[in-house]
Amino acid sequence: MLSSKFLLFSLALLIITLSSILKFASASLEEANSLLKWKESLQIPNNSLVSSWLPKNSSTSVSCTSWLGVICNADGSIHTLNLLTSSGINGTLHQFPFSMLHNLTHFELGVNNFFGPIPPEIRLLSKLVYLDFSENRFSGVIPPEIGMLATLETLYLNGNNLSGSIPQEIGQLTFLYELALYNNSLEGELSPSLGNLKNLAYLYLDNNKLSGQIPQEFGQLVNLVEVYITQNSLHGPIPPSIGNLRKLTILYLFKNHLNGSIPQEIGSMVSLERLSLFSNNLSGSIPSSLGELASLKLLHLYQNQLSGSIPVEIGNLKSLTKLAVSGNNLSGPIPSSLENLSSLQYLSIRDNKLSGNIPQGLGSLDLVELEMDTNQLSGHLPKDLCHRGNLIYLSLRGNQLTGPIPRGLRNCRSLIRAFFDDNQFTGDISKSFGVYPSLVYLDLSHNKFHGQLSENWSKCKNLTALRIGYNNISGSIPPEFGNSTQLGKLDLTSNHIVGEIPKEIGKMKSMLYLSLADNQLSGIIPNELGSLHDLIALDLSTNRLNGMIPRNIGDWTHMYYLNLSNNKLSEKIPSEIGKVSQLTTLDLSHNLLKEEIPSEVQSLQNLVKLDLSHNRLSGSIPDAFEKFLSGIDINFSYNELTGPVPPYAIFANASLHVFQGNPGLCGNVTGLKLCSSQNIMKKKDPFHHKLVLVIVLPIFGAFLLGLLMCGLIAYRRQKKILPHEQPSDEEGDDFFSISSFDGRVVYDEVLKATNGFDDAYCIGIGGYGIVYKAELQPNNVVAVKKLHSSTGKVDRKGFLNEVRALTNIRHRNIVKLYGYCSHARHSFLIYEYLEKGSVGSILSSDILAKELDWLKRIKIVKGVANALAYMHHDCSPPIIHRDISIANILLDSDYEAHISDFGTSKLLKLDSSNWTTIAGTYGYISPELAYTMVATEKCDVYSFGVVALEVMMGKHPGELITSLPTLAVDYLLLATVGDRRIPPPSSVVEKQVKLVLSLSRACLNSNPHARPTMRQVSNLLMED
């Protein structure tokens, strides 16, 4: 009996166990199979975790237990799905089995390429604790259904393309501990419902488009530890309730539009370690309560409108390592209490109105970077400013500092960049400075240093720029300077230097900028200077140099500025001057030059200024000037020139001062005597007048009749051409193509809108034309580029083929070409008008450059890369631009970059050599183009590298380009090359800046085959 009962019990137990096993196996198989079905909709790289997801041979096995990235519960159900950084999976969540994974608690898809919306079915994962969709390409809004995930503690949606506002339902996630929504396009206001997130400790909302004010309810998040709401559009004051956040260690609110004063209550945040409020509109004084934040290590308040003095209580912050209050309206003295900041490494107080002496105790601090420029500081420098030999960056420019350079700085071997310019420093320069093994840039100009130049400067082996102009330096230039072969910029302007220019300077092969102007140098210009093949600018003016201009002047093929004026140079201007074809400024005035102006000057087509005045030049004005454009600043005065002034464009609007002092010149210029042929025409003979009328009137009538016939023919032609249709190449001398417009009407409207191309409407001048702003209709502003007429008759077939290619370009980062007109009188192109102008004009202005923060600069570089990748790889045939420079990159109102000026572009025929003449802007031209004359897409890659580096530096990299191969990879860091007019970026943005710098280095490889393609560059920038 007992055995039968036992048998029945065992049988029942077996049935229950088998049922559980079958149910277990069934559940696990269903979930595993659902994931396999989702996998089929994805594009999966071979090395992805998902590649391990394979079905088992046995139908009863628990498949998912062996899959990478999948963790199961004891019952076989999945509780963790982790595909974080899984090698770039592409796909969507449209077929994801939300309804099957009832027990999923951890869901991680971060750092992949998932796209599309986040489905509202996310609510079905009701047991989720941890959700990470960061660094993908999800778009659309954040689904409110996320607010139904009642157990959620961590939410990462950062680094996507999400838009819309933060749903109020997120405020219902009472267990939420960490919320990251940064690097999206979220907009709207911060919802007061966020105050319900009592457990929230980490809040990351930076780099979105959030607006409105910070709600008072923000102060209810008493468990907050870190807050990042940077780079948004928040306005209004910082609420005083923020003082309730006693656990907060990091508060970053920089780059918003916050206004009002900094609340005193901020001093109650006793755990605060980092406070960054820079680039807002905060006003009022710096609250003294900040002195109560004993744990504070970083305090960034720069670029606001703060006023008053720096509170003495700041000196209580013994843990402070970085203090930046630059770019405000602070006044008064630097408080001596700053001497107590024993941990301080970085101090920036520049661009304020501070006055008084620098506290001597600052010299005892362990400073690494010190910026105190552009104030009204006075007095002597602290003696021990380089206390422990860690100071690498020192900027004191633009103050009223006096006295000698302290001994501590003479032996500061750690210095990399130092700026003492625009002060009143004194002392013997040979004794004030030592040897600096790390020094890269030193500016001592506009001070009162005296003494002679020391050979010690040649022992600073990393020095690339030395500026000592506008001092009282005497003696001669030491020949040892020639050993500074790495020096790219030497400026000794306006001193009292005597003797000859040492021929050893010819060994300084890296020299780009050399200015020895306004000294007392004598002797000849040494031929050895011709060895400086990379020279861009040379100024030897206002000295006592004699002899002839060296004939090897033609070796300076990269030169754009040459000034030899106010010397005693004699003989003729060498014909080799024509080889310096990049020149924009040539000043040879106030010398003893004689004989004729060489005809080779016709090669100097980039000239903006030519001054040959006050010499002994003779002969007539050569025909070489026939091809020059009007608008050049030219001066031939006080020579011995003879003959008529030619009727060339360059002299069309010339005034008397251009030609005065040449008794033998004549012509139709006010103040000059008329030539004999012109006097004959002025005779008041009645018969003469009748003869003129007899001859002129028929000609004039024929001209009017011809003009009428041309207009009629052009009208008939236009009637045959559809709005978007290109006219035939055989139709005549005048042809029009204006997209969606009547070409003849637009031609007339352009002339009317620009008042016949009046200078008042000019917004830019390029090598191929002048750009005008024209309002054709109300609120329809365009840019009109009038091609230079001196280029001769247009090659119509080539012109049409090239314009056809450009009109087919449709890319967000290329300026839209609306149409063109080629006419016997005026030929012009019509482009979209971009209101921010060129990147070059912005970077050249200290005020405008501050608007270009790091993210905008990265955006510009990405835009240029995208455009070039499109031109090189998506156009058929490919297009090379050949003149990529910051002057040809225009910005719209959103700071989106647009490549412009295709005047030098060529369609790249892959089966040809692409032999060409050198075109482009010096400083951006690839080295191989100069000697092979073969244009390839790698020429654009090189130019892009220059532009990318220039955008990050805020100025042309100059000598840095040639020295890149010899520099360590980590030299291209923000600390050494970054634009210091804008504040340093966050750690996240700095990573992107480093990538740009690294790519620019690769693009500037002297070997074109070693450069990446623009497609590779664009892809790498998009992945970051």
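Note that the coordinates shown come from a computational prediction; the quantities given were computed from them, not determined experimentally.
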Colleague: Nearest heavy-atom pair of M871 and I814: which atoms, and what distance?
Modeller: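 Closest approach of M871 to I814: CG-CD1, 3.8 Å.
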Colleague: If only atom types and distance count, is the side chain of K609 paired as donor or acceptor with the main-chain N or O of D587 below 3.5 Å?
Modeller: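 No, the answer is negative, given that no donor and acceptor are paired below the 3.5 Å cut-off.
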Colleague: Assess whether side-chain contact (heavy atoms from CB on, under 4.5 Å) is satisfied between V996 and L1021, documenting all intermediate values.
Modeller: CA-CA 8 Å; V996 171; L1021 288 172; 3.9 Å; yes
Colleague: With a 4.5 Å cut-off on side-chain heavy atoms, are T557 and Q582 touching?
Modeller: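 A side-chain contact under 4.5 Å is absent here.
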Colleague: Evaluate side-chain contact (heavy atoms from CB on, under 4.5 Å) for I536 paired with Y513, printing each intermediate quantity in order.
Modeller: CA-CA 6 Å; I536 293 175; Y513 304 87; 4.3 Å; yes
Colleague: Specify whether H811 and Y870 have parallel, tilted or perpendicular ring planes, treating 30° as the upper limit for parallel and 60° as the lower limit for perpendicular.
Modeller: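 Ring orientation of H811 relative to Y870: tilted.
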Colleague: Closest approach of V750 and V784, non-hydrogen atoms and distance?
Modeller: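 Answer, listing the atom of V750 first, then V784: CG1-CG1, 3.9 Å.
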Colleague: Restricting to salt bridge (Lys or Arg N to Asp or Glu O under 4.0 Å), what partner residues turn up for K859, sequence neighbours left out?
Modeller: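 Scan of K859 (salt bridge (Lys or Arg N to Asp or Glu O under 4.0 Å), adjacent residues dropped) gives E896.
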Colleague: Any sub-3.5 Å donor-acceptor pair from D611's side-chain atoms to S589's backbone N or O?
Modeller: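 Answer holds: no.
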Colleague: Fit a plane to each ring of F651 and F625, take the angle between them on a 0 to 90° scale, and name the class: parallel (under 30°), tilted (30 to 60°) or perpendicular (over 60°).
Modeller: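 F651 and F625: tilted rings.
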Colleague: Is there a side-chain contact between H881 and I899 (heavy atoms, below 4.5 Å)?
Modeller: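 Touching, per the 4.5 Å side-chain cut-off.
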Colleague: Any non-hydrogen side-chain atom of Y924 less than 4.5 Å from a side-chain atom of V947?
Modeller: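 Yes - at least one pair of side-chain heavy atoms lies under 4.5 Å apart.
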Colleague: Are the side chain of R981 and the backbone of G954 linked by a donor-acceptor contact shorter than 3.5 Å?
Modeller: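 Answer holds: yes.
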Colleague: Show the numbers, then the answer: is there a side-chain contact (heavy atoms from CB on, under 4.5 Å) between M952 and V861?
Modeller: CA-CA 9 Å; M952 295 298 112; V861 173; 4.0 Å; yes
Colleague: Are the side chains of Y895 and E851 in touch, meaning some heavy atoms are under 4.5 Å apart?
Modeller: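 The answer is yes, as the side chains (C-beta and beyond) meet within the 4.5 Å cut-off.
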Colleague: Once you round to the nearest 0.5 Å, how far does CE of M1014 lie from CG of D874?
Modeller: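 Atom-to-atom, M1014:CE and D874:CG are 12.0 Å apart.
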Colleague: S943 side chain to C939 main-chain N or O, any donor-acceptor pair under 3.5 Å?
Modeller: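 Yes.
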Colleague: Rounded to the nearest 0.5 Å, what's the gap from CD1 on I842 to CG on L852? Could you check?
Modeller: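 Between I842 CD1 and L852 CG, I get 5.0 Å after rounding to 0.5 Å.
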Colleague: For the pair T584 (side chain) and Y560 (backbone), establish whether a donor and an acceptor sit closer than 3.5 Å, ignoring hydrogens and angles.
Modeller: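 Yes; at least one donor-acceptor contact below 3.5 Å.
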Colleague: What distance do W556 atom CH2 and L535 atom CG have between them, rounded to the nearest 0.5 Å?
Modeller: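 Atom-to-atom, W556:CH2 and L535:CG are 7.0 Å apart.
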Colleague: Between S279 and Q303, does any side-chain donor sit less than 3.5 Å from a side-chain acceptor?
Modeller: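 Short answer, yes.
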Colleague: Distance check, rounded to the nearest 0.5 Å: K579 atom NZ versus S581 atom OG?
Modeller: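 The distance works out to 11.0 Å.
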Colleague: Return the CZ to CD distance between R857 and E950, rounded to the nearest 0.5 Å.
Modeller: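 Here the rounded value is 10.5 Å.
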Colleague: Under the 3.5 angstrom rule, does the side chain of S1018 hit a backbone N or O of R1015 as a donor-acceptor pair?
Modeller: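 Not at all, since once roles are kept as given, no pair shorter than 3.5 Å links the two residues.
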Colleague: First locate atom CG of L834, then atom NE2 of H898, and finally report the distance between them rounded to the nearest 0.5 Å.
Modeller: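 Answer rounded to 0.5 Å: 5.0 Å.
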Colleague: With a 3.5 Å distance limit and no angle check, can you tell me whether S900 reaches the backbone of N888 through a side-chain donor-acceptor pair?
Modeller: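 It does hold such a pair.
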